[in-house]
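Below: one structure, written as structure tokens.
Bear in mind the structure is a predicted one, so any value in this text is a computation, not a measurement.
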Amino acid sequence: MSAPQVIRETVPTALTRPCLPRQRRPLKATRDIVNRLTYTEGALATCAAQVDGVRAWNERRK
């Protein structure tokens, strides 16, 4: 009989990508604020999707 093998599962790579960096350009006009808010909303949505994906992956492992 062979020795038991340990298989370590890891979180899928797509769910561990770094979140987008902060934007630090100066705000000089209303369009700059709108662009930053659009960027920030997109970055938050991406990170939230990653966290939700990790949670779902964890649930499937139970």
| field | Considering all heavy atoms, the nearest Val54-Leu15 contact | value | N-CD1, 3.6 Å
| query | Can any side-chain N or O of Arg36 pair as donor or acceptor with the backbone N or O of Arg25 at less than 3.5 Å? | reply | yes
| said: Please report the interatomic distance CD1(Ile33) to OG1(Thr40), rounded to the nearest 0.5 Å. | reply: 11.5 Å
| said: Measuring from atom CD of Gln50 to atom CH2 of Trp57, what distance do you get when rounded to the nearest 0.5 angstrom? | reply: 14.5 Å
| message | Quick check on the hydrophobic clustering: are Leu44 and Leu37 connected, directly or via other members, by side-chain heavy-atom contacts under 4.5 Å? | response | no
| Rounded to the nearest 0.5 Å, how far apart are CZ of Arg31 and OG1 of Thr38? | 13.5 Å
| request: Measure the spacing between CD of Gln23 and CG of Asn35 and express it to the nearest 0.5 Å. | output: 7.5 Å
| Pairwise disulfide bond (SG atoms under 2.5 Å apart) hits with a residue in residues 24-62, at least two apart | Cys19-Cys47
| Under a 4.5 Å cut-off applied to non-hydrogen side-chain atoms, are Val51 and Arg55 in contact? | yes
